[in-house]
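Start at 1 and go down the list; that is how both ligands and their atoms are numbered.
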Amino acid sequence: MIPEFLELVRRCNGNIVALTGAGISADSGIPTFRGKDGLWNKYRPEELATPQAFAKNPRLVWEWYAWRMEKVFSARPNPAHLALAIMERRGLLKAVITQNVDNLHERAGSRNVIHLHGRIDEMRCLGCGRIVKVAEPPKVVPPVCECGEMMRPNVVWFGEALPERELELAMSLCEENSVLVIGTSAVVYPAAYLPHHAKRNGNMVIEINPDVTPVTDIADLSVRERAGKFFEPLLPILEEEGFP
Ligand code: OAD
């Protein structure tokens with residue numbers, strides 16, 4: 001599959017974006033949402049990831065996010081994150097559109113990262129709207145802003161709209177570029193529409209996922225492999241002076 005993948009990357013001539021989901025961070029030890037060991041198998045989203053859940057029990061929601069922050073902050077980027085950063089640096093990839101709230105793309109060196117579902121390393125004040133960057137989980141939950149109001153994780157919860165600017169940017173990138181879809185079950189809309197949008201606009205779709213997804217049918221190349229494992233041998237090739 002490596003030669004086929006590299007050939008498609010060559011053919012795209014820099015006109016590619018990546019769309020990533022929880023699966024790209026699985027090899028860094030961050031649990032995915034769906035599947036056997038997925039978070040939504042153990043926890044109920046409606047109790048932890050909705051505005052209603054937060055209004056009812058902010059402490060419980062914050063404890064869960066503090067636990068997830070801990071996992072993210074102690075995780076390290078894996079070869080899949082690193083490969084995307086190398087590709088961007090070498091002009092082979094325009095942007096990473098991610099559904100992930102972790103910061104592993106940035107920590108791997110990616111610069112143009114579009115977070116469709118917000119970021120776990122930020123919190124937002126419910127009163128004044130101030131956004132505060134965090135490098136470790138808050139010691140006291142729920143944290144309180146300087147203005148006296150409660151802070152919430154700066155992520156998108158079920159039932160909430162995606163950030164408008166990010167979604168518009170993602171849609172327009174998928175109109176003009178091929179899409180490398182990595183580690184998403186591709187069932188949560190509107191993000192799940194992006195590969196279809198790319199395809200309808202005449203672009204290629206490449207998928208890296210150990211499982212079959214709704215994207216598999218429209219993919220020009222579908223690699224049935226864990227992302228970290230697939231990209232590991234590719235790192236030196238993508239770095240090579242001669243490539244592409
Ligand atoms: P999911 O948990 O739904 O799907 C993870 C995907 O990653 C599955 O298709 C797995 O087969 C695949 N996978 C697992 N291990 C992998 C590996 N090592 N390498 C590559 N792929 C692997 O995660 P998302 O599609 O990101 O939304 O979920 C989408 C949204 O649903 C999330 O952003 C979150 C969730 O509810 C919000 O929080 C709003």
Under 3.5 Å: N/O of [X] near N/O of ligand 1:
X	result
Phe158	no
Phe33	yes
Gly183	yes

Considering only protein heavy atoms, which is closest to [atom], and at what distance to one decimal place?
atom	result
atom 28 (O) of ligand 1	Arg34 NH1, 3.2 Å
atom 16 (C) of ligand 1	Gly23 O, 3.5 Å
atom 30 (C) of ligand 1	Val188 CG2, 3.7 Å

Begin with the C-alpha distance, continue with both residues' side-chain angles, and end with the deciding distance and a verdict on side-chain contact (heavy atoms from CB on, under 4.5 Å) for Val215 and Val179.
CA-CA 11 Å; Val215 168; Val179 188; over 6 Å; no
How does [X] reach ligand 1, if at all, at less than 4.0 Å between non-hydrogen atoms: by side chain, backbone, both, or neither?
X	result
Trp157	neither
Val156	backbone
Ser185	both

For Ile120 versus Val134, what's the shortest heavy-atom pair and its separation?
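Taking every non-hydrogen atom into account, O-CG2, 4.0 Å.
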Which atoms of ligand 1 sit under 4.0 Å from any heavy atom of [X]?
X	value
Gly21	26 (O)
Asp211	11 (O)
Asp27	18 (N)
Thr184	6 (C), 9 (O), 24 (P), 25 (O)
Trp40	35 (C), 36 (O)
Asn209	8 (C), 9 (O), 10 (C), 11 (O), 12 (C)
Ala22	23 (O), 24 (P), 26 (O)
Ala26	15 (N), 18 (N)

When rounded to the nearest 0.5 angstrom, what distance separates [atom1] in [X] from [atom2] in [Y]?
X	Y	atom1	atom2	result
Thr184	Phe33	OG1	CZ	10.0 Å
Thr98	Leu116	OG1	CG	7.5 Å
Leu19	Asn177	CG	CG	12.5 Å
His197	Met171	NE2	CE	4.0 Å

Is there a donor-acceptor contact under 3.5 Å from the side chain of [X] to the main chain of [Y]?
X	Y	answer
His117	Val101	no
Asn41	Lys36	yes
His196	Tyr193	no

Return the orientation label for the Phe230 and Phe5 ring planes: parallel under 30°, perpendicular over 60°, tilted otherwise.
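Answer is perpendicular, since the angle exceeds 60°.
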The one among Ala227, Gly35, Gly228 that brings a heavy atom closest to atom 19 (N) of ligand 1
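Heavy atom nearest to atom 19 (N) of ligand 1 belongs to Ala227.
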Option whose closest heavy atom lies nearest to atom 37 (C) of ligand 1, chosen from Gln99, Glu207, His117
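Looking at heavy atoms only, His117 sits closest to atom 37 (C) of ligand 1.
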Quick check: are there more than 12 heavy atoms from other residues, nucleotides or ligands sitting under 6.0 Å from CZ of Arg111?
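Open.
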Is Pro210 in contact with ligand 1, taking contact as a heavy-atom separation below 4.0 Å?
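Per 4.0 Å heavy-atom rule, Pro210 contacts ligand 1.
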Close approach of Phe230 to ligand 1, heavy atoms, under 4.0 angstrom:
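Contact absent.
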Do Thr32 and Arg34 have side-chain N/O donor and acceptor atoms under 3.5 Å apart?
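No.
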Pair Arg90-Glu241, salt bridge (charged side-chain N to carboxylate O under 4.0 Å, His left out): steps then yes or no:
CA-CA 10 Å; Arg90 302 217 53 214; Glu241 276 300 309; 5.2 Å; no
